[in-house]
Amino acid sequence: MSALRSVPKPEPDLNAAMHDARIIVANARIWAFEDECIRLGQMLKHAPARRQEVFDFLQELAVSHGLVRTLGETLIHSMMVAGAEGGDA
């Protein structure tokens with residue numbers, strides 16, 4: 001009769017999990033920013049005179065959350081414009 005040996009479980013790959021977490025959080029920020037561009041863009045239909053104020057706010061928001069650095073000024077701007085026009089970037 002042979003003795004059963006227990007096979008040790010491999011350690012979880014924390015490096016891979018931390019990498020995944022970084023991507024998940026970054027994506028959540030991007031999605032949230034895009035949602036806010038659309039939401040504020042819809043509100044601008046009732047207050048078009050405040051367009052520049054909203055664009056300045058969204059730009060500040062994107063900079064403070066590292067989205068401009070990560071995605072670039074062009075994509076952030078296109079997301080803001082698309083939101084103001086009621087669509088997706």
Side-chain angles (χ1 to χ4, degrees):
M1 180 187 237
S2 64
L4 293 176
R5 293 186 186 180
S6 63
V7 178
K9 292 182 181 179
E11 286 187 28
D13 187 347
L14 286 174
N15 290 333
M18 289 187 292
H19 174 76
D20 290 348
R22 184 180 310 275
I23 292 170
I24 290 166
V25 169
N27 284 339
R29 284 184 180 183
I30 294 165
W31 295 326
F33 180 76
E34 185 175 31
D35 288 347
E36 292 308 310
C37 287
I38 293 168
R39 184 178 72 86
L40 291 172
Q42 291 170 343
M43 294 175 78
L44 279 176
K45 292 176 185 174
H46 304 285
R50 296 184 71 185
R51 181 181 173 101
Q52 189 60 52
E53 177 186 355
V54 169
F55 270 55
D56 290 346
F57 170 77
L58 288 170
Q59 179 69 28
E60 179 185 321
L61 193 64
V63 168
S64 68
H65 286 278
L67 296 174
V68 173
R69 183 182 67 242
T70 303
L71 302 174
E73 187 72 39
T74 302
L75 182 57
I76 292 299
H77 182 73
S78 69
M79 290 170 78
M80 290 169 25
V81 170
E85 293 173 354
D88 293 330

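Count residues from 1 along the sequence.
Leu58 contributes atom CG, which lies 5.5 Å from atom CG of Leu40 (distance to the nearest 0.5 angstrom). Atom SG of Cys37 is separated from atom NE2 of His77 by 11.0 Å, given to the nearest 0.5 angstrom. The CG atom of Leu67 sits 6.0 Å away from the OG1 atom of Thr70 when rounded to the nearest 0.5 Å.
Between Val81 and Ser78 there is no side-chain heavy-atom pair separated by less than 4.5 Å. A heavy-atom distance below 4.5 Å is found between the side chains of Phe33 and Met79. Residues Arg39 and Asp35 form no side-chain contact, since every pair of their non-hydrogen atoms from C-beta on lies 4.5 Å or further apart.
Judged as a side chain to side chain donor-acceptor pair (under 3.5 Å), and not counting sequence neighbours, the contacts of Arg50 are Glu53. Listed by chain and number, the residues in a side chain to side chain contact (heavy atoms under 4.5 Å, CB included) with Gln59 are Val63, Val68, Glu73, Ile76, Met80 (sequence neighbours excluded).
Each side chain to side chain donor-acceptor pair (under 3.5 Å) pair with one or both residues in residues 6-25, not counting sequence neighbours, would appear here, but there are none.
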